[in-house]
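Numbers here simply count residues along the sequence, with the first being 1. One-based numbering, in listed order, for ligands and for the atoms of each.
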Amino acid sequence: MRTLTVPLPGREYDILIRPGLLPQAGGYICSVVPQARKVALVTDSHVAPLYGETVAHSLARAGFQVETFVVPAGEQSKCSKQLARLWSSFAQFGLTRTDCVVALGGGVVGDLAGFAAATILRGVALIQIPTTLLAQVDSSVGGKVAIDLPEGKNLAGTFYQPRLVLMDPEVLGTLPHETFADGMAEVIKYGCIADQGFLEFLSQNPSRSAIMAHIDQVLYTCCRIKAEVVAEDELDTGRRMILNFGHTLGHAYELAGHYTTYTHGQAVAAGMVRAAQLGTALGLTPAHLAPDIAQLVEAFGLPTAIPCSQADYAAAIGLDKKGAGSSLSLILLDRPGHALAYPILKQQLLEML
Ligand code: GLY
């Protein structure tokens, strides 16, 4: 078992990483919320048939009264309708402030169930059990919970830290290749922004099977970096912004594909390569880094570039909105394994793009 602590004063929590953890989830959850009697287990229509019963049985064996709430799989469930449905379901289940919500699934389930837990009864305990690589290395850690609005992604949300994060690497075995690759974009990001040794390790292990042979260490390294960054800047006003490496331009690529053509990981992969190229053009990023990152993302089946119009770039950097400010902080690399926020005029950035 590998254990990490996210050291937020008064709200610290553990991340437990171990193959075969899922059937023992109930015991670990009981140890962090011993006063809870009821557990609202939220999952989606893909994950429920794979792991829903295992977790529900484990919770029941630990003495909890469990009810499972299944949302349709997919980003469209991160919406106000599903949120309101969960609120009503929790109320009908008789959830109290000392009970808890368990989010079993990928980023959509974690964000939606997390936001529901943060807001029902003004907040009940939340446990994250992420089942995708992306959710394990990113969205389940750090407390960002949200739903999408018709006006944009993640527009309604809050910061709400879980009490515990349980990661069972064995669940990654059932992921489709594209979903695994999606998570690899974020894994590569951690190497780029914070750990040169890890970046070199990824370059030497450029395949799913090689990564899976070291998956405990990979998850531990990514979560260690994220935990450090979140502990320093929980509310995302400073250092946490380095986690956005590849994301500003990635947002443009997601826009270009109307959020359907490219997955988040594909957009971030191309965004990291483009950001490294821009960094080199600005005299900050060593010239070898863009091709190095391109080679790595390509090895995992991720794109190195995505066609994008000036209008989508402008929208992604906020140049299309009046009064949104004339500059932004672009996350760039000044060396392998180190990122910084680089202030740049939006107009200058658009011209470079
Ligand atoms: N996914 C970026 C963050 O948690 O800040």
Side-chain angles (χ1 to χ4, degrees), residues 4-8 11-13 15 75 78 103 105-115 117-118 126 128 130-148 152-165 167 179 181-195 198 218-254 259 262-272 275 302 316-317 328-333 339-341:
L4 269 162
T5 301
V6 182
L8 289 164
R11 285 168 303 124
E12 67 179 25
Y13 56 95
I15 304 166
E75 184 75 24
K78 253 178 78 171
V108 168
V109 167
D111 281 11
L112 173 70
F115 195 29
L126 168 68
Q128 294 275 12
T131 59
T132 63
L133 182 56
L134 185 69
Q136 290 188 341
V137 299
D138 187 16
S139 55
S140 66
V141 176
K144 283 188 179 176
V145 294
I147 58 165
D148 301 334
K153 282 179 76 172
N154 296 321
L155 287 188
T158 187
F159 291 92
Y160 194 67
Q161 301 295 338
R163 296 281 183 90
L164 178 69
V165 185
M167 289 185 198
T179 316
D182 234 17
M184 280 309 302
E186 299 287 350
V187 171
I188 293 165
K189 179 193 79 179
Y190 287 111
C192 290
I193 63 170
D195 192 331
F198 186 52
V218 169
L219 296 179
Y220 183 88
T221 302
C222 296
C223 292
R224 172 184 54 76
I225 294 168
K226 180 137 191 194
E228 279 168 15
V229 172
V230 167
E232 198 180 312
D233 176 27
E234 181 187 8
L235 301 183
D236 202 8
T237 55
R239 182 154 185 252
R240 188 165 178 166
M241 284 187 235
I242 67 166
L243 299 176
N244 285 336
F245 176 59
H247 283 60
T248 304
L249 304 174
H251 183 203
Y253 303 139
E254 287 187 285
Y259 289 100
Y262 308 105
T263 64
H264 179 68
Q266 288 169 343
V268 167
M272 291 192 292
L302 292 159
I317 66 178
L328 60 70
S329 289
L330 189 64
I331 307 304
L332 296 177
L333 307 179
L340 47 77

When you measure from the side chain of Arg240 to the backbone of Glu234, do you find a donor-acceptor pair of N or O atoms at a distance under 3.5 Å?
yes
Atom-level proximity to ligand 1, residues with heavy atom under 4.0 Å
Asp138, Lys144, Lys226, Arg240, Leu243
Are any side-chain N or O atoms of Lys78 and backbone N or O atoms of Asp148, one a donor and one an acceptor, separated by less than 3.5 Å?
no
Measuring from Asp195:CG to Ile225:CD1, what's the distance to the nearest 0.5 Å?
5.0 Å
Spacing of Gln161 atom CD and Glu12 atom CD [to the nearest 0.5 Å]
12.0 Å
Polar side-chain atom of Lys189 near backbone of Leu243 as donor-acceptor pair, under 3.5 Å
yes
Glu186 versus His247, side-chain donor and acceptor atoms under 3.5 Å:
yes
